[in-house]
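Throughout, protein chains are lettered first and strands after them, A, B, ... in sequence-line order, and every chain is numbered starting at 1.
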Amino acid sequence: KNQVEQSPQSLIILEGKNCTLQCNYTVSPFSNLRWYKQDTGRGPVSLTIMTFSENTKSNGRYTATLDADTKQSSLHITASQLSDSASYICVVPWGGADGLTFGKGTHLIIQP
Amino acid sequence: GAGVSQSPSNKVTEKGKDVELRCDPISGHTALYWYRQSLGQGLEFLIYFQGNSAPDKSGLPSDRFSAERTGGSVSTLTIQRTQQEDSAVYLCASSLELAPNEQFFGPGTRLTVL
């Protein structure tokens, strides 16, 4: 069964601190993995996409890693800002137009 | 337009009423997708359109749900005889071609059924 599991479910950190969000997947065959940021009341916005051959990709203060062997990805946020407060969703396609498996997301709260 | 737009942004309705949700995809995007996001849950795929055609409607939760797309652009999701369990955020996304991993999301419509 194609699944995407994210952890932690929620996380609270102080502004300026770093954090790492985890995503484990069982989707096969694997082609890519995408991290989305979803602000409260808004639709998801793509942060980064990782293909099979990529191990690390950065987008500003966001760095995603991928280990295709262990089927794990992480999203590291450096020097967190209040605007980073959001849900972060891991998504893995498995084929077909409806072949997207979404994680339930990690709800991140940055406190001043 | 610059992005996917949805209307209304919020809808409160009484149980048993019909509602219609609208999605305007990015201009030129041939594929359009509808999702539902219940509180504390992940996104649930409902239906997709390639052009005006929806090949697979099996993702719709019940026969009270229907969707259409005209002119390869605007799509409407209609929920008849709404129930409280229909309360959720309904998200629309579009992509240039049928590539769900390249889709752009709209802001969503928050539906509350009283």
Side-chain angles (χ1 to χ4, degrees), chain A residues 1-11 21 23-27 29-52 54 57 64 66 73 86-109, chain B residues 2-10 23-26 29-51 53-60 67 88-112:
Chain A
K1 182 179 179 181
N2 293 314
Q3 288 186 313
V4 175
E5 301 287 340
Q6 290 189 244
S7 62
Q9 190 174 54
S10 62
L11 181 63
L21 314 180
C23 173
N24 297 339
Y25 61 93
T26 60
V27 176
F30 175 82
S31 61
N32 61 74
L33 179 150
R34 192 184 288 266
W35 283 94
Y36 284 89
K37 177 186 179 187
Q38 186 176 19
D39 293 316
T40 300
R42 306 294 294 273
V45 174
S46 178
L47 289 176
T48 185
I49 182 169
M50 304 287 291
T51 60
F52 184 85
E54 296 176 308
K57 181 177 283 187
L66 175 67
S73 177
S87 287
Y88 291 83
I89 303 171
C90 177
V91 183
V92 183
W94 54 272
D98 59 343
L100 280 182
T101 304
F102 290 84
K104 292 187 177 181
T106 292
H107 186 50
L108 177 64
I109 298 174
Chain B
V4 179
S5 61
Q6 292 185 246
S7 61
S9 56
N10 281 284
C23 172
D24 277 276
I26 293 173
H29 279 194
T30 62
L32 184 148
Y33 315 80
W34 283 100
Y35 298 88
R36 180 169 69 174
Q37 189 175 34
S38 301
L39 188 64
Q41 300 298 312
L43 275 74
E44 174 190 4
F45 172 81
L46 298 179
I47 192 171
Y48 80 92
F49 288 89
Q50 174 66 353
S53 174
D56 183 3
K57 301 181 180 179
S58 62
L60 295 175
V89 174
Y90 290 82
L91 289 162
C92 174
S94 71
S95 60
L96 189 60
E97 299 174 342
L98 196 61
N101 54 327
E102 298 292 338
Q103 61 192 292
F104 295 84
F105 283 85
T109 292
R110 180 176 296 278
L111 174 66
T112 303

Next on the checklist: For A/Lys57, I'd like to know if atom NZ has over 12 heavy atoms of other residues, nucleotides or ligands within 6.0 Å.
Outcome noted: yes

Checklist entry - Non-hydrogen atoms of chain A under 4.5 Å away: do they reach the side chain of B/Leu43, the backbone, both or neither? => result both

Checklist outcome for this item: Per-residue tally against chain B (heavy atom, under 4.5 Å) across A/His107, A/Gln38, A/Gln9 peaks at A/Gln38

Item to check | Residue pair A/Tyr88 / A/Cys23, side-chain heavy-atom distance below 4.5 Å | outcome: no

Next on the checklist: So for B/Gln37, is it side chain, backbone, both, or neither that comes closer than 4.5 Å to the heavy atoms of chain A?
Outcome noted: side chain

Next on the checklist: Looking at every heavy atom in both B/Val4 and B/Ser94, which two are closest together, and how far apart are they?
Outcome noted: CG2-OG, 3.5 Å

Checklist entry - How about A/Phe30: does its CZ atom have over 12 heavy atoms from other parts shown lying under 6.0 Å from it? => result yes

